[in-house]
There are 2 protein chains.
Amino acid sequence: MQEVKLPRREREKLRHRRQMLAAALALFSEKGYHNVSMHEIAESAEFAIGTLYRFFANKEDLYRALMLEHAEKFHEALTKALETPDDEIEKLRHYVRVKGEVFGGNLSFVQLFLAESRGARVNIKARLDEEVRKGYDETLERLASVFKRGMTKKRFKRIGDPYALAVALDSVVNAFLLLSLEWPDRYPYPEDPDKVLDILFRGVLET
Amino acid sequence: MQEVKLPRREREKLRHRRQMLAAALALFSEKGYHNVSMHEIAESAEFAIGTLYRFFANKEDLYRALMLEHAEKFHEALTKALETPDDEIEKLRHYVRVKGEVFGGNLSFVQLFLAESRGARVNIKARLDEEVRKGYDETLERLASVFKRGMTKKRFKRIGDPYALAVALDSVVNAFLLLSLEWPDRYPYPEDPDKVLDILFRGVLET
DNA sequence: CTACAATGTGAACGCTGCGTCATGTTTTGA
DNA sequence: TCAAAACATGACGCAGCGTTCACATTGTAG
């Protein structure tokens with residue numbers, strides 16, 4: 001994680017790259033992939049098109065870089081949240097809380113992801129999706145194994161397949177996050193993770 | 001609902017229109033709005049481009065027609081499902097079952113909807129979204145009021161805001177549907193709606 | 001059979017947007 | 001100080017797409 005000792009030139013190069021990615025993210029998330037031109041991105045980042053193409057082979061490559069970098073961040077955070085040595089219930093609480101935090105700190109990326117990710121955007125992605133998706137699926141598997149462990153420990157009722165439960169929890173979390181995005185005032189994402197988990201907990205927990 | 005008594009010519013016109021819409025839906029859902037050209041649609045429907053433009057003013061108009069027609073179908077079905085005079089629990093069961101049915105019968109539309117609806121596809125839609133979204137929101141409101149009624153009747157615990165519960169249920173249903181789309185064998189959408197509802201019920205129901 | 005309306009056709013046009021490359025500018029190292 | 005390497009630039013070529021319109025074909029009514 002230490003990258004301070006790079007030749008002056010290289011550091012600037014990286015900084016430029018980041019600026020371009022940032023500009024691209026802002027534009028993509030606001031207008032959607034297809035409604036943003038490479039010229040627009042270059043202009044917004046205050047570089048010439050040629051320069052943009054010096055960093056990214058083409059539009060899709062730029063997009064892929066954007067997605068991969070952010071997705072990795074998400075994946076790491078959520079994985080770590082589930083790695084804490086706490087018991088199962090506490091793990092789920094961590095998950096809900098951390099997901100809310102990472103989400104809130106990367107709104108434009110989330111917006112972009114939701115806008116472009118679902119369905120068969122065959123040309124774009126197809127391969128990208130596979131990579132991003134892999135991390136997401138892995139997270140879901142870890143979530144599922146938390147449920148599974150909880151069941152064998154008799155802390156959770158065997159209400160359904162652990163993976164299905166993981167999917168259910170994650171989708172509820174997503175729904176609440178989306179809701180808070182639309183009406184931040186009326187439905188803010190709750191500080192207390194149990195406000196979310198109760199929906200499952202009060203049913204899943206062994207009484 | 002009876003439209004049989006139309007002049008021969010008109011009926012053919014309608015049939016052609018439907019063929020074009022069907023071709024468009026197939027292509028859009030497979031490749032996404034922006035990756036399908038009007039030429040492609042025309043060819044796939046076995047008409048000339050000029051003919052296509054005789055039926056739809058432009059690409060967006062065609063897309064709008066597609067979305068509106070299908071969305072209406074969905075909206076009607078779900079509204080009816082919640083209108084049955086049964087008690088609250090039965091209504092929810094209806095909802096889960098009917099949504100599964102309509103979903104299963106319109107896979108390509110669902111795929112298209114999921115692909116294009118989320119996020120800020122500013123140019124396209126914006127206005128369309130508003131129309132389709134309206135129906136969706138209305139359905140959610142009705143769902144919410146089912147939860148509310150159930151609470152006042154003391155059949156449901158007051159675990160959270162009724163609207164939030166509605167959103168949660170709907171998102172779980174969607175997640176299960178999506179899941180069944182990806183792995184039909186391992187996670188088929190359950191015949192028995194309680195398989196889905198249990199996740200909420202066993203927590204929400206007053207013991 | 002004829003004239004008119006309705007419907008179908010596809011070549012052509014204008015425009016947008018991706019990606020290239022010859023040229024100019026800055027940095028480096030000797 | 002100077003040559004070579006690294007980097008930046010933006011006018012241009014080119015392909016693809018949405019849309020139009022003058023013309024052809026088919027159906028209808030008198």
Side-chain angles (χ1 to χ4, degrees), chain A residues 5-28 30-66 116 121-126 128, chain B residues 5-28 30-67 116 121-128:
Chain A
K5 266 309 187 295
L6 279 183
R8 247 273 316 295
R9 210 70 190 290
E10 302 264 338
R11 292 202 292 137
E12 287 216 317
K13 211 175 154 185
L14 272 180
R15 192 166 49 81
H16 290 174
R17 188 189 139 96
R18 273 197 299 271
Q19 283 169 353
M20 291 173 188
L21 284 176
L25 174 58
L27 288 170
F28 280 152
E30 188 196 350
K31 325 210 302 182
Y33 181 84
H34 290 282
N35 299 316
V36 174
S37 72
M38 289 298 264
H39 284 82
E40 217 174 333
I41 296 172
E43 193 180 10
S44 161
E46 295 183 284
F47 287 99
I49 321 181
T51 313
L52 187 55
Y53 275 95
R54 211 159 265 297
F55 284 77
F56 306 99
N58 51 48
K59 194 180 177 184
E60 189 178 337
D61 186 50
L62 164 59
Y63 182 74
R64 188 200 322 282
L66 202 53
E116 305 292 342
R121 186 80 69 284
V122 173
N123 286 350
I124 320 298
K125 306 178 307 112
L128 160 66
Chain B
K5 265 313 187 294
L6 278 184
R8 248 274 316 296
R9 211 67 189 292
E10 302 263 339
R11 291 202 294 138
E12 287 218 315
K13 209 176 157 185
L14 271 181
R15 190 166 50 80
H16 291 172
R17 189 189 138 97
R18 273 197 299 270
Q19 283 169 352
M20 292 173 187
L21 283 176
L25 174 57
L27 288 169
F28 281 152
E30 188 196 350
K31 324 211 300 182
Y33 181 83
H34 290 282
N35 299 316
V36 174
S37 72
M38 290 298 265
H39 289 260
E40 218 175 331
I41 296 172
E43 192 180 10
S44 161
E46 297 183 284
F47 286 99
I49 321 177
T51 314
L52 188 55
Y53 275 94
R54 219 160 255 299
F55 282 76
F56 306 99
N58 51 49
K59 193 180 178 184
E60 190 178 336
D61 187 49
L62 165 57
Y63 183 74
R64 188 201 320 283
L66 202 53
M67 295 300 281
E116 304 291 343
R121 186 78 70 284
V122 174
N123 287 350
I124 322 298
K125 306 180 308 110
R127 213 105 296 281
L128 161 65

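Since the model is a prediction, treat every value here as computed from it, not as a measurement. Chain naming here is simple, since letters A, B, ... match the order of the sequence lines and numbering starts at 1 in each.
Atom-to-atom distance recorded for A:F55:CZ and A:L21:CG is 10.0 Å, nearest 0.5 angstrom. Rounded to the nearest 0.5 Å, atoms CG (B:L25) and CG (B:L66) are 5.0 Å apart.
For the pair A:R11 CZ and C:dT27 C1', the computed distance is 16 Å after rounding to whole Å. To the nearest angstrom, P of D:dT9 lies 13 Å from CD of A:E43. Atom CZ in B:R15 sits about 14 Å away from atom P in C:dT7, given to the nearest Å. For the pair B:E46 CD and C:dG10 P, the interatomic distance rounds to 12 Å; values are reported in whole Å. The interatomic distance linking B:F55 (CZ) with C:dA6 (P) rounds to 14 Å, in whole Å. One atom, CG of B:L52, and another, C1' of C:dT7, lie 14 Å apart when rounded to the nearest Å.
Looking at the side chain of A:H16, the nearest of the listed nucleotides C:dT9, D:dC7, D:dA8 is D:dA8.
The side-chain heavy atoms of B:L62 and B:M20, taken from C-beta on, include no pair separated by under 4.5 Å.
Around the CD atom of A:Q19, the shell of radius 6.0 Å holds more than 12 heavy atoms that belong to other residues, nucleotides or ligands.
Classified by interplanar angle (parallel below 30°, tilted 30° to 60°, perpendicular above 60°), the ring pair B:H34/A:H34 is parallel.
B:K13 has no carboxylate O lying under 4.0 Å from a charged side-chain N of B:E10, or vice versa, which leaves the two without a salt bridge.
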*asked:* Walk along nucleotides 15-30 of chain D from 5' to 3' and tag each nucleotide B, S or - by protein heavy-atom contact under 4.0 Å, base first, then sugar-phosphate.
replied: --SBBB------S---
